[in-house]
Amino acid sequence: MATMAQAIRLALHYGEENLGVKDIFGEDVGPPLGGVFTCTQGLKNAWNSPLDERGIIGCAMGLAIAGQRPVAEIQFSDYIFNTIDLLKMCGNTLWCSNGIWQVPMVVMTPVGAGIHGSIYHSHSFESIMTHIQGWKIVMPSCAYDAYGLMLSAIQDPNPVMYLIPKALLRSQGEEKIPGEPENPKELSKMIDAPLGDRSQWKPKWPDLGDPKMPLGKAKIRLEGEHISVISYGRMLPLCMEAARQLADEGVDCEVIDLRTLFPYDQKTIFDSVKKTGRVVVVNEDTEVTNYGEHILRRITEDCFYYLEAPPTLLAGANVPGIGLSEPLEQASVPQLSSIINTLRKVAETA
Amino acid sequence: MATMAQAIRLALHYGEENLGVKDIFGEDVGPPLGGVFTCTQGLKNAWNSPLDERGIIGCAMGLAIAGQRPVAEIQFSDYIFNTIDLLKMCGNTLWCSNGIWQVPMVVMTPVGAGIHGSIYHSHSFESIMTHIQGWKIVMPSCAYDAYGLMLSAIQDPNPVMYLIPKALLRSQGEEKIPGEPENPKELSKMIDAPLGDRSQWKPKWPDLGDPKMPLGKAKIRLEGEHISVISYGRMLPLCMEAARQLADEGVDCEVIDLRTLFPYDQKTIFDSVKKTGRVVVVNEDTEVTNYGEHILRRITEDCFYYLEAPPTLLAGANVPGIGLSEPLEQASVPQLSSIINTLRKVAETA
Amino acid sequence: MLSSKEQKKIYELMVKTRVLEERLIKMNKSGQGFFWIGGPGEEAFNVPLGLLINKGEGLNHDFLHFHYRQSATLLTMGAKMIDVIRQMHNVAADPYSGGRNFVNHFAVKEWNVVNVTSPIEVQYAFCIGTGVAQARNKAKGITIVTGGDAGTAEGEFQSCLLWSSRKNRELPILIIVTNNRWGISTPQNEVHPKSGIAARAKGFGIKTAAVNGNNPLTSYEALQKAMHYVRKERKPFLMEVFVSRLYGHSSASGANWVGGEADCIREFEKQLKKKKIMKDSDFQKIRQKYEEEAKKALIEVLEEPKPDPASIFNHVFVDRKDAELV
Amino acid sequence: MLSSKEQKKIYELMVKTRVLEERLIKMNKSGQGFFWIGGPGEEAFNVPLGLLINKGEGLNHDFLHFHYRQSATLLTMGAKMIDVIRQMHNVAADPYSGGRNFVNHFAVKEWNVVNVTSPIEVQYAFCIGTGVAQARNKAKGITIVTGGDAGTAEGEFQSCLLWSSRKNRELPILIIVTNNRWGISTPQNEVHPKSGIAARAKGFGIKTAAVNGNNPLTSYEALQKAMHYVRKERKPFLMEVFVSRLYGHSSASGANWVGGEADCIREFEKQLKKKKIMKDSDFQKIRQKYEEEAKKALIEVLEEPKPDPASIFNHVFVDRKDAELV
Ligand SMILES: Cc1ncc(C[n+]2csc(CCOP(=O)(O)OP(=O)(O)O)c2C)c(N)n1
Ligand SMILES: Cc1ncc(C[n+]2csc(CCOP(=O)(O)OP(=O)(O)O)c2C)c(N)n1
Ligand SMILES: [Mg+2]
Ligand SMILES: [Mg+2]
């Protein structure tokens with residue numbers, strides 16, 4: 001099965017061929033590198049921008065205004081924070097002009113810890129991003145969703161922020177992307193660039209389809225009765241593993257993968273919490289003014305009388321960065337053990 | 001009594017004279033204007049910067065690193081969003097250097113609606129700001145606190161973000177600043193610049209004192225038994241008015257003025273909620289991933305079994321801006337009527 | 001050389017704009033609008049700009065990234081006085097922002113007028129994208145961006161210069177800076193190097209011109225030349241245009257006549273009289289005509305309804321339903 | 001002209017740095033450090049820089065806003081090999097960041113080394129402030145900032161040029177750009193105008209020099225001259241320094257010897273031999289000496305403890321208690 005990096009590349013290729021994407025750009029996005037995580041290798045419309053994030057977002061917005069369908073990359077979300085005024089404008093242009101100017105653009109950027117990235121390659125961005133209006137915001141937790149969400153993001157008439165859980169980029173999916181060859185080795189031969197000189201190399205693309213994955217729909221990854229676990233991105237597989245281990249103790253978790261962080265799937269969330277009466281939101285962004293707190297606030301307001309235990313957030317420590325050293329990183333963002341402990345505690349609360 | 005604008009000016013003067021403040025700067029901060037809200041009129045160390053917010057924050061950080069005590073202004077918080085990466089660095093420099101480099105700087109910036117400022121003179125900033133680590137964040141709701149918090153902000157060895165509720169800048173305080181003359185007219189004559197040519201004008205400063213107002217301490221503005229109302233800045237006087245009107249209906253509100261948004265005064269908050277069992281947080285920032293949701297999350301986690309009604313947020317609508325037209329602004333941020341209605345509803349919840 | 005007829009037309013449009021702006025200022029002072037900002041003092045440049053634009057929708061027409069002093073350009077292109085007054089009075093019928101934004105914050109899709117926004121200089125970042133689209137598509141249109149002198153201190157100005165001058169990837173952008181020698185209250189020489197703005201573009205190998213923006217005829221010629229270069233060479237060109245700021249920065253600074261600055265309309269009238277193209281009574285008649293149009297428009301607008309409060313959720317997303325989810 | 005002794009010293013420091021960097025690369029490849037980035041190829045410029053700095057704490061010494069390729073400068077100033085290895089192995093005893101940051105991210109208060117941070121170009125914004133403090137206090141120190149060529153596309157580069165060249169408010173900043181002709185994988189000529197980086201500073205009226213950074217002697221002289229100007233005139237000066245990138249961008253791009261680029265150590269050895277200042281056996285001995293020092297240091301560091309997990313809350317605030325509140 002494709003890795004998440006390959007899935008994104010396949011989706012962008014589909015976009016170039018079928019959805020009018022003519023600009024896939026950012027720092028080191030074009031040849032020879034094709035992106036620091038290989039997500040844009042071999043794409044015919046990928047090009048290298050100057051080292052200027054503000055220029056990148058500005059350019060993408062201008063392209064969108066001009067009716068193009070740009071996909072811009074910010075190399076790491078750690079470097080997107082100097083563009084927030086421009087992101088706000090991408091999101092408010094339609095509203096400010098009372099509907100006149102649409103801004104159909106996609107920005108993708110890798111987020112989160114898990115690769116020993118130290119202070120400036122470990123940042124999360126969903127909390128600040130969900131505070132910015134006019135954007136749809138997605139974050140896949142597996143290769144298949146990475147593919148489907150990208151196609152929907154490109155086709156959406158609004159700006160879409162596509163957050164990439166960077167630590168999962170090399171993880172292989174369990175579901176086949178429409179058109180993907182049976183054998184992952186074959187796929188690799190077809191679309192992964194060779195080491196060394198690539199100037200003569202050309203990818204061989206499979207014939208791909210569109211799974212039509214709507215934005216705004218969560219996915220229940222595991223059904224359960226005792227506790228609702230709401231997560232996304234890199235934390236999702238950890239939550240699944242925690243749920244598996246807790247199942248042995250008789251704790252029956254319902255694991256919800258949000259996939260779209262805004263607009264998010266209230267019905268799936270509320271239905272689940274009304275059923276279980278207990279909820280934990282898990283993410284790795286820092287815990288003060290955290291997106292998960294919004295989800296919990298809505299749950300508390302809307303499902304208050306169903307709640308049997310305090311709705312709980314498990315998130316990153318409120319510190320200015322993820323330290324490089326292993327013990328520092330582990331103490332800063334949720335780990336499998338802390339997820340298990342938190343779920344167990346909430347499940348056991350009388 | 002001094003207005004809030006005068007109080008800030010007096011505090012900055014005290015800072016120049018007694019606390020080593022040698023740079024008070026930003027766009028139009030120096031003569032002849034002394035700031036678009038007159039907060040820096042007549043100050044001997046106020047100077048005009050280039051129109052470059054990133055340069056302003058960078059300059060302030062460099063000054064702080066060099067052992068100065070700069071106070072930098074961003075003219076409106078609407079224009080601070082292109083500096084968030086730099087703000088993050090001001091806040092993480094001590095941590096990244098493992099304690100080597102301190103960054104004692106103050107950034108002040110006007111926030112919020114209420115002056116018909118339309119889309120780009122009405123922004124709130126506390127939700128994004130409280131998500132940035134390493135900063136203390138304050139927001140006064142009256143002239144006296146504006147004065148005291150500024151002195152403490154200047155003396156703090158950490159970066160401090162000083163949010164100014166711009167709609168209150170002309171409102172007069174009820175408490176006298178230490179050293180303030182009895183008659184507000186006299187104060188005005190002493191320190192307000194004349195209209196027209198100011199090149200020969202010099203202010204006459206009163207002899208001021210330091211009320212030693214600690215950061216991190218909330219103030220209970222009104223004691224009550226039925227419901228805790230947590231607010232700050234421009235919404236605080238509205239909450240007080242709402243409480244007065246509800247008192248006639250027999251609803252007894254406890255109104256807490258946070259004053260420092262981070263680190264915030266957990267004890268005062270939790271004690272109050274444990275007493276009343278009901279809580280509403282009121283602010284005017286947009287409601288998704290809102291700072292008030294953090295306060296509510298902590299309350300829900302820590303005071304869950306004391307809660308008699310869903311802890312509630314009253315905040316700005318999740319729209320990309322405040323429209324200029326009166327009905328649009330009123331529909332976008334809490335008004336006295338919506339505050340009263342929300343408090344009444346929560347008070348009445350069985 | 002422009003014909004007498006063309007000169008008359010320019011004069012009329014300049015006066016029309018001035019009359020409109022003075023009406024807007026009056027509206028502000030009498031509480032019929034919360035805030036005024038606009039372009040009195042820039043008409044002699046902005047009218048010729050409006051005349052020379054390749055107007056229309058899409059890549060084969062010019063993309064326009066304007067700031068808040070372009071009323072003369074918009075009126076020249078065909079915007080209606082009454083619509084500007086609608087925005088000033090923030091009524092629902094304001095065609096540019098539906099009563100949401102300040103006056104002179106235009107947005108016109110059919111003319112490629114990208115919506116004007118208050119933050120200084122961001123348009124110099126956005127214009128890169130329309131430039132890239134036009135360059136790649138070998139389109140007939142060019143991209144035009146305008147802004148003030150103080151704003152060139154922002155990083156987006158450099159972004160525009162750099163992205164547009166990349167070797168073999170040049171962009172067809174006419175980069176205009178209207179230099180009125182002021183930020184709000186900050187004189188240029190207090191915060192800028194003495195080398196000047198055009199010199200900074202030269203550092204990127206960009207061709208430049210300095211223009212007296214108080215003279216519509218030389219402005220017209222300079223614009224023609226610069227546009228010809230951009231249209232043909234598909235490369236950037238920077239114009240630094242020296243203009244006046246006749247009513248100060250905005251209503252925030254009083255919006256009173258400042259004096260001591262050249263008034264392009266007075267100057268042009270002298271020329272027209274000297275060349276015997278027009279006379280005093282012509283001037284008066286034109287002014288009167290537009291004053292009446294403005295007054296009539298105002299009376300109409302004052303009766304129009306304000307936006308519906310529930311409309312705040314309109315246009316958060318293209319498909320409104322998503323906005324209401326929360 | 002530098003004496004033989006001085007030239008020998010420079011050579012030693014260049015080799016010391018190279019040996020250290022090659023050790024760091026080996027550590028990365030053998031799993032003793034997660035990530036490597038550093039300055040092999042920049043020694044011939046960075047050693048003279050270190051020698052000429054007015055080293056010390058406070059405004060009367062030079063303030064240093066460096067990027068991640070300055071190991072040679074730091075070693076020249078007196079940093080210990082073992083401390084750099086400590087940061088590479090992210091142990092608690094790392095004196096620059098306590099195991100928090102990547103290698104070559106220095107922070108030394110006593111030498112005014114402002115902590116190096118990964119985001120490109122931000123140091124060009126921060127250096128404005130130390131420049132302002134030094135200018136106002138008529139201090140003896142100057143401000144020195146370094147960064148790469150690709151990074152000059154960021155707005156902070158313009159901020160630095162503009163703020164430091166304001167008329168009558170010039171700042172004493174030595175602005176250095178080390179041009180290795182690459183971003184990570186992006187060749188300079190693909191994303192930059194052909195006019196070059198120094199030309200952009202000229203647009204602000206800033207004096208400039210282009211320097212061959214592969215020659216330590218001409219680098220030394222050029223630095224002396226530039227520093228003299230900044231120290232005396234209290235005005236900015238920009239040096240564009242052409243250097244090599246001998247091991248590619250970082251461990252992310254493999255950290256292998258790239259070939260095809262001039263190696264300043266080989267070049268300098270040729271010169272030293274020709275001038276009969278040193279001979280092959282001297283070169284070998286020096287290299288060996290530092291290889292041993294590095295090896296010994298590594299052995300020591302490998303035994304040192306990692307940071308305590310609970311320490312993540314240290315230094316969030318100057319007074320730790322506030323960090324624990326939440
Ligand atoms: C990013 C940003 N910072 C600050 C402001 C506040 N502001 C509005 S206009 C102005 C001065 C602009 O001067 P200039 O660029 O010369 O344009 P002018 O108004 O003189 O035409 C300032 C500081 C703003 N609108 N945007
Ligand atoms: C703001 C920012 N954007 C992107 C990156 C990722 N990045 C790290 S180094 C680099 C290239 C830097 O090139 P240059 O400025 O020439 O310096 P060099 O490494 O060549 O010395 C990039 C894009 C970053 N660290 N910071
Ligand atoms: Mg100006
Ligand atoms: Mg480089």
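Below, chains carry the letters A, B, ... as their sequence lines are ordered, and counting in each starts from 1. Worth knowing before you read on, the calculation uses all heavy atoms, side chains too, and leaves out hydrogens, waters and symmetry mates.
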Just do the side-chain contact (heavy atoms from CB on, under 4.5 Å) check on A:Leu328 and D:Ser311 with the steps written out, would you?
CA-CA 8 Å; A:Leu328 300 178; D:Ser311 72; 3.6 Å; yes
Counting only N and O atoms by type, is there a donor-acceptor contact under 3.5 Å from the side chain of D:Ser185 to the main-chain atoms of A:Pro32?
no
Check whether any side-chain heavy atom of [X] sits under 4.5 Å from a side-chain heavy atom of [Y], and report yes or no.
X: D:Pro119; Y: A:Tyr79; value: yes
X: D:Ile120; Y: A:Leu51; value: yes
X: D:Arg100; Y: A:Leu324; value: no
X: D:Ile184; Y: A:Gln75; value: yes
X: D:Phe102; Y: A:His121; value: yes

Which atoms of A:Ile115 approach chain D - backbone, side chain, both or neither, heavy atom under 4.5 Å:
neither
Tell me which of these, D:Pro187, D:Ser253, D:Ala150, has more heavy-atom pairs under 4.5 Å with chain A than the rest.
D:Ala150
Part of D:Glu190 within contact of chain A (heavy atom distance under 4.5 Å):
side chain
Would you mind checking which part of D:Asp94 comes under 4.5 Å of any heavy atom in chain A, side chain (CB onward), backbone (N, CA, C, O), both or neither?
neither
Using a heavy-atom cutoff of under 4.5 Å, enumerate the residues of residues 54-61 of chain A that contact chain D, numbered in order, or state 'none'.
none
Would A:Glu27 and D:Thr186 count as a side-chain contact (heavy atoms from CB on, under 4.5 Å) if you check the C-alpha gap in whole Å, the side-chain angles of each, and the deciding distance to 0.1 Å?
CA-CA 8 Å; A:Glu27 295 157 14; D:Thr186 304; 5.9 Å; no
